Structure formats: C-alpha cells, structure tokens
Asks: 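Attaching a single structure in structure tokens format; questions to follow.
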There are 2 protein chains.
Amino acid sequence: MNLKQLSTLLGLSQTTVSRALNGYPEVSEATRQRVMQVADQHNYRPNTRAKALATGRAMAIGHVIPLSTQHEMMNPIFGDFIAGAGESYSTAGYDMVLSLVADEDQSRAYHDMAAKRNVDGIVLHAPKMQDARITLLQQIGLPFAVHGRATDIAGPYSWLDVNNTSAFQRATDFLLDLGHRRICLVNGQESMDFAFRRRRGYEAALQARDIAPDPALLFAGEMTEVYGYDTVRRTQLLEQPPTAYLVSSIIAAFGVRRAIEEAGLTMGRDISVITHDDDLSYLRNGADVPVFTATRSSVRHAGSRLAKLLISQIENPGAPPLTELLEAELTVGRSTGPAPNRI
Amino acid sequence: MNLKQLSTLLGLSQTTVSRALNGYPEVSEATRQRVMQVADQHNYRPNTRAKALATGRAMAIGHVIPLSTQHEMMNPIFGDFIAGAGESYSTAGYDMVLSLVADEDQSRAYHDMAAKRNVDGIVLHAPKMQDARITLLQQIGLPFAVHGRATDIAGPYSWLDVNNTSAFQRATDFLLDLGHRRICLVNGQESMDFAFRRRRGYEAALQARDIAPDPALLFAGEMTEVYGYDTVRRTQLLEQPPTAYLVSSIIAAFGVRRAIEEAGLTMGRDISVITHDDDLSYLRNGADVPVFTATRSSVRHAGSRLAKLLISQIENPGAPPLTELLEAELTVGRSTGPAPNRI
DNA sequence: ACAACAATTTAAAGCGCTTTGGAGATTTGC
DNA sequence: GCAAATCTCCAAAGCGCTTTAAATTGTTGT
C-alpha cells in the first residue's frame, strides 16, 4: 500500500492525504480523521526511502564502530550503551544505523556516511586524546556527538562524558583515607581519553598528599578479565606489593578478584579494590550489597542522554554544541577496608 | 556532489555516468575509466536514499532487539554477534539497522520494517520455543533468518544454530565419565529455545545411564553473574549437594566460581564446572590454559555466518531457506576433575 | 559510397513521497 | 449581493538515482 493507492482509495489527492497524515493545518479535521482511519486500517506506512529523499532527512543516526584487532569498542559496555541510545531513538522516530569497519577504514566510513546521506547525524565512540575523527567530522559538517571527550581538540563540539577525573580522584582519596599508600591503577588503554583522565584523577589525589605515583603500579591495557587477573598476579610478586587496586572496569575487576582469592587472600580485608562500574545489565555489582566498592555511572543512561543530545542538535541546526558531564556515584561495597598493617 | 553535477562536469549524460559507475557493459572502457577517476577525485557517492528508491533495494538489514525488562537480548553476546554480522555486512555493502523496541511493540516493529521498506531483510534474535515472530515474518514475506531455532514452528525458514543438544549431552557425558552423579544444570530462561535444547541434551545423557534427573538440580534464569552465584549458594545447602555444575554462560560461570571459592572449596577438585563459552572477545576463557572446561562456539563467527546466509537469501529470492548447524567444541580446562568420594 | 549492423550515448519516465503555487468552494463584511 | 478573505483541496514539480526506449556515432562489407 503506497500513498497513491491510499489516496485513490480515499478519493483524495496525494497532497491532501500526505498533509492529513503529517498534521498540516490545511486539511479539515473531518477528512483528517477519515484519512487516518483508513490508513490505519490498511496499515499504511510511508516508504522511508521516498520520504527521506523528498524531505532530505534520513531519520536515522549512524554509529561507526571500529573493528580493531583489539576489539576496543566491541566491549561489554557497547550493548548497554546501544540499548540506551536505541530507546531514545525509537521514541523520537529515528533508526539506528551501525557501521562496523576495520580500524584503518574509519575516516572513509565517515566520509561515506556524509556523502551517501543515509544518516542525519553520527555518534562517535571511544575518543582518543587527540582524535582525528573529531576534526574530520567538524570539517564534514554532519551533526555529531561524542561519547566521551578528546583532550587535545580545538573548536567546540557536542559531547557527553562521565567526570572520570573526579571519580577516580574521589576513589583514590577513599583508599588513601583507609590508609592505603600503594595503590595500583589498573587502567584502560592510555590512548583512550577516558583512561588519561582517570589517571590524572588518581595522580591528583596522590599528589595532594605528597605521595609520588609509583610507575610500577600503573597499568594500562584492554580491560578483559584476564588482564585484571594477570596484573594482580604480577604486582603481588613485587617487593612491596600494592594493598589496593583501582580498576577501570568491572570485567577486569572480576579478574582482580579471582587472582586475589586464588592467592588465598580476602578482598576487603587483605587487599582493597575499587572498580569503575558501568552498571551493566548482566553484570550487576552484586545483588543487595554491592560486591565491589565502585564509582558507578550507568552507561545505558549515558547512551540514552547522548542520543537525545544529538537529536536536539540535528533538529536545531545552528544551535551551539551541547555538552553534558555526568558525575559518577561512589558506592561502598565489601571490597574495601583499612590498609593492613604490614610489619 | 550529486550525479547531475558529476555528469555535467564530465560532459556526459547521467545515464552514462550511472552505467559507468555500476559496471554496465554498454559504456566504453575509456569513458568508464574517465568517469571513475573523476568520481573518485570528487569523492562522489550515490545518495543512498535515491538509489534505494530507484532500485527497490535498501542495502540494509534490520535487527529488531527486544528491550524487555529482563534485557534478555541486551546481553554480553550481543556485541560479539553484531561484530561478526557487521563484518559480513560491510564487505557485502550492506548497512545494519538496529531497532530497539519494547517487548510488547515487537510485532508492530516487524510490520513497520516491512511497510517502511527500509531494510531488505531481518535477523531474528533469541527465538523462543514457539515464536510468534517467525510465523509473522513468514506471512509478511520479508526475507529473514533466525539466530537459533524454534522447536514448534511449522514451515521452513532460514536459521543458524549451535547444536545445543549435542553440546550439552557431550558435556554431561564428560561429567558422568568423571564419576559425577549429581549434576546441577544452571540454564538460561526456559522459554528460550536454546535453553530447552540444552536441557534435553543434559537429560538425554542422564537417561542413557539410567539416572533420573533431580528437579532440585534444574535451574533456569537470566544468565547473570549473580544468578550463577546464588544458584551455587542455594544448592550447596541441599542435603545432597551437587558435585558438578553445567552452566549455560560464562558470565554465570564466573558467579559459580565465586560462590565455590567463597565457600572455601576448589573448583576442579571439590566441585567440577563446565560452562558454555561463546568465546567473547573480552571474556576469554583464560589465556593459555582455559579456566573452565567448556563447550565453545564463537558467537562472533555465528554472527558473521548468519549475515552471509541472510544476504544470500536476499540476493536469491525464491531459493529454498538455508540452515546451518554449528557444532560446539569441548575444551578441557582446569574446572573439572573426578567426583570426590563422599563418605 | 552506402546500407546494415554494432557500439555508444542520451532523453525521459519512474521509484513514492513532500511541497509549491494555485484553483474552487465557502464564509465574511458591508 | 458582491468583493475579499478564508477554507479545502489539487496538479505538478522535484528529491537523486536507475533503466527503458530511442537516437547518434562508428564500423564493416560490398
């Protein structure tokens, strides 16, 4: 059923039917009702492609996901982020277009999306510190919003980020207050902007108490379970092993816990752990009592907010870029306790 | 840059330029070269919407993801599946359109996709045993392929599935061979078809040795870490606690391990565990030596294969439905050992 | 040199929708 | 009662591409 068929069926012109369905005032309420009803009856939906061509709006938003060898983006948070974004999209009537591309094809992917005009805007994931993609998109002129920020980028752009610095500063302070002095940072890859900011927060807290960060306690890597496990194994062999771990992801934190327990130690007593918790739907931080003390910030919520932010950007062209900074919440669980008195 | 501009630039008609770019034989090799070069120079890409309208092919494939309250689909495997599918799509030139909808809006979502004509085919996720969506899509007539199968559906359709029954039968056999008799099944939600098949495999193995399955050892639920943890806690309080756990997901298996270790027991010695392992990129089953004995089947690979299967379905209409059954591989790790001799 | 044929190229229609510029019909003001 | 204003509605153009049908050019055999 297309517009033509529907309009002959109704004995009206395509113009009138189109207007009736799209809520234009030039059509009488009576005919609008009639049109609506018959359209509904026949389950009419305007052909997206034709509509997009005619209006110049694709009603779709693109996500370019790099398929790097390290799968940096295809990580656990992806699903939840997409779920949040998808929620916002579908209530606003937008489709979500995913484009998974090899790392090296990324800039071409953005150019393509812009030239092919199959999306009205783009969400940029996992920004690095100076991210060429941002400058690229600024040039291309397609609306976009970044999940995260880039530290070294000139010119304004829309973004939504967690306050990583303050979250990790706060978490480090919490551990310091408990008497810990050797705190191991199990961070994400340093090229990622969020990881840089987290380290900065960690270092700021140490420096505020005149503690020099020990490079032997700084780790950066892809946040897998095995990475957390290995890091603990390795650091516990040090002459002065850390008494606390500050971990960038709950997945890695599971590995951290495994290593701790395998060593016959007890988390929260012998060794303290704080993790960042993206509040993933399938990896909740315990049920009633949180397992880990954590800096929590729902990535699903972030997805939902960022999508709305981008949509508003698209629908108000010319408006200045929008930004939103979410604060993580420190939830105290059973993984932290006073630093043990070493002899 | 659109076709019109490009063709006046070249001093050719739109027809010729279009044909040159799309590889039709009616254009001389010399002009084709020239067209290609200039198009490349100006970074020309045909407008997707116009092309889709003209050809009737959207060059996009839809995934409808139910956003149920339980987030059954928004689970860890989602990211990897999508990564695999996306790979296949992008090499074949297709876009991926995700539509996240509330559970109750699902059938409308399928109807909409069909009527709006913005996708050429649909991937159906997480089928239930009798899944109304399959019959719906059969009626609608849009090409589709199912990730998994439905047991109680008449009429053929395309699907790709892991041989869940044989995998779990094999795993159960393995445990039985080790002397375990009380094996607890920590399964996914029973409404899901895969969970049903896994239970069937488990029961078949028991019955083959004349062991009656104990209902107190059968669990079904959403496969979170906490679910695995709770199930072990609960079952270890039984008069005759199980000596082995057969788990449907590595996430739940992490919870199982946590409970075992928290109880002061050793996995692989006191209690054996086998898990199904979807070979997730960020949750590898250990590094060199697998942590868990597992029935492994890469969900990313499944995504990639299913996408290809659907594309071939789309490009050869009229061909009979395609199906593919993947066998899971049993990898022996350190989580299994002989059943302890209880007194 | 000219018909016959093949090789290139083009004009124009069409995909299904929105939207501009009017046209009829109806109401209003005096 | 009639011009002006207001409601409704419509024909047709246009979005950027593909594709059909036809025109143009080039090649060949005699």
Side-chain angles (χ1 to χ4, degrees), chain A residues 1-36 38-39 42-60 93 95 112-120 142 315, chain B residues 1-36 38-39 42-60 93 95 112-120 142 315:
Chain A
M1 169 70 56
N2 61 23
L3 187 60
K4 195 170 175 179
Q5 297 169 326
L6 181 63
S7 57
T8 57
L9 194 78
L10 279 157
L12 287 170
S13 74
Q14 297 192 34
T15 312
T16 306
V17 177
S18 169
R19 281 187 172 145
L21 293 172
N22 290 314
Y24 283 77
E26 297 95 334
V27 51
S28 76
E29 203 46 44
T31 45
R32 184 192 309 283
Q33 289 303 333
R34 195 163 68 90
V35 170
M36 298 278 249
V38 175
H42 291 75
N43 203 5
Y44 168 79
R45 293 279 180 290
N47 181 314
T48 316
R49 315 193 279 236
K51 186 162 184 165
L53 184 58
T55 57
R57 310 263 279 98
M59 292 310 282
D95 281 330
D112 277 13
M113 279 214 164
K116 286 165 59 186
R117 316 237 65 141
N118 63 336
V119 297
D120 300 318
L142 200 62
E315 298 185 345
Chain B
M1 169 70 57
N2 61 23
L3 186 61
K4 195 170 177 181
Q5 298 169 325
L6 182 63
S7 57
T8 57
L9 193 78
L10 280 156
L12 288 170
S13 74
Q14 298 191 35
T15 311
T16 307
V17 177
S18 169
R19 280 186 175 146
L21 292 171
N22 290 314
Y24 282 76
E26 299 94 334
V27 52
S28 77
E29 202 46 44
T31 45
R32 186 194 307 282
Q33 289 303 332
R34 197 163 66 91
V35 169
M36 297 278 247
V38 176
H42 292 75
N43 202 5
Y44 169 78
R45 294 278 180 294
N47 181 313
T48 317
R49 316 193 279 238
K51 186 163 184 163
L53 183 57
T55 57
R57 309 262 279 98
M59 292 309 282
D95 280 330
D112 277 12
M113 280 213 163
K116 286 165 59 187
R117 319 236 64 139
N118 62 336
V119 298
D120 299 319
L142 200 61
E315 297 184 347

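This is a predicted model, so every value here is computed, not measured. Only heavy atoms go into these numbers, but all of them, side chains included; no hydrogens, no water, no symmetry mates. The sequence lines fix the lettering, A, B, ..., with proteins before strands; numbering per chain opens at 1.
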Asks: Step by step, work out the side-chain contact (heavy atoms from CB on, under 4.5 Å) result for Thr31(A) and Leu10(A).
Replies: CA-CA 10 Å; Thr31(A) 45; Leu10(A) 279 157; over 6 Å; no

Asks: Tell me whether Arg45(B) contacts the main-chain N or O of Ala114(A) through its side chain, where contact means a donor paired with an acceptor under 3.5 Å.
Replies: no

Asks: What's the shortest heavy-atom distance between Ala58(B) and Ala52(B), and which atoms?
Replies: CA-CB, 4.1 Å

Asks: Does anything in residues 5-14 of chain B reach DNA chain C, meaning a heavy atom under 4.0 Å, and if so which residues?
Replies: Gly11(B), Leu12(B), Ser13(B)

Asks: Test of understanding: with salt bridge (charged side-chain N to carboxylate O under 4.0 Å, His left out), list the residues that count as partners of Asp120(B), not counting sequence neighbours.
Replies: Arg57(B)

Asks: Answer yes or no: is there a side-chain heavy-atom contact under 4.5 Å between Met59(A) and Thr48(A)?
Replies: no

Asks: For residues Tyr44(B) and Val38(B), determine if any side-chain heavy atom of one lies less than 4.5 Å from a side-chain heavy atom of the other.
Replies: no

Asks: Minimum heavy-atom separation for Val27(A) and Ala20(A), please, with both atom names.
Replies: CG1-CA, 3.8 Å

Asks: Looking at the base of dT19(D), is there any donor atom on it, or on the side chain of Thr15(B), that sits under 3.5 Å from an acceptor on the other one?
Replies: yes

Asks: Which atoms form the tightest heavy-atom contact between Asn43(B) and Ala115(A), and what is the distance?
Replies: O-CB, 4.3 Å

Asks: Nearest whole angstrom, please: distance from the P of dC17(C) to the NZ of Lys116(B).
Replies: 13 Å

Asks: How large an angle, rounded to 10°, do the end axes of the helix from dA1(C)-dT30(D) to dC30(C)-dG1(D) enclose when each is built from five base pairs?
Replies: 50°

Asks: Can you pull out the residues from residues 18-35 of chain A that lie within a 4.0 Å heavy-atom distance of DNA chain D?
Replies: Arg19(A), Glu26(A), Val27(A), Ser28(A), Thr31(A)

Asks: Using 0.5 Å steps for rounding, measure from the OG1 atom of Thr55(B) to the CG atom of Asn22(B).
Replies: 9.5 Å

Asks: Under 4.5 Å between any side-chain heavy atoms of Asn2(B) and Arg117(A), yes or no?
Replies: no

Asks: Counting only distance, no hydrogens or angles, is the base of dT8(D) paired donor-acceptor with the side chain of Thr16(A) under 3.5 Å?
Replies: no

Asks: Heavy atom of residues 47-59 of chain A under 4.0 Å from DNA chain D: which residues?
Replies: Leu53(A), Ala54(A)

Asks: Is there a side-chain contact between Asn47(B) and Lys116(A) (heavy atoms, below 4.5 Å)?
Replies: no

Asks: Donor-acceptor pair, distance only, cut-off 3.5 Å: does the side chain of Ser7(A) make one with the backbone of Leu3(A)?
Replies: yes

Asks: Sequence neighbours left out, what passes salt bridge (charged side-chain N to carboxylate O under 4.0 Å, His left out) with Arg19(B)? Give chain and number order.
Replies: none

Asks: Expressed in angstrom and rounded to an integer, what is the separation of Lys4(B) atom NZ from dA12(C) atom P?
Replies: 13 Å

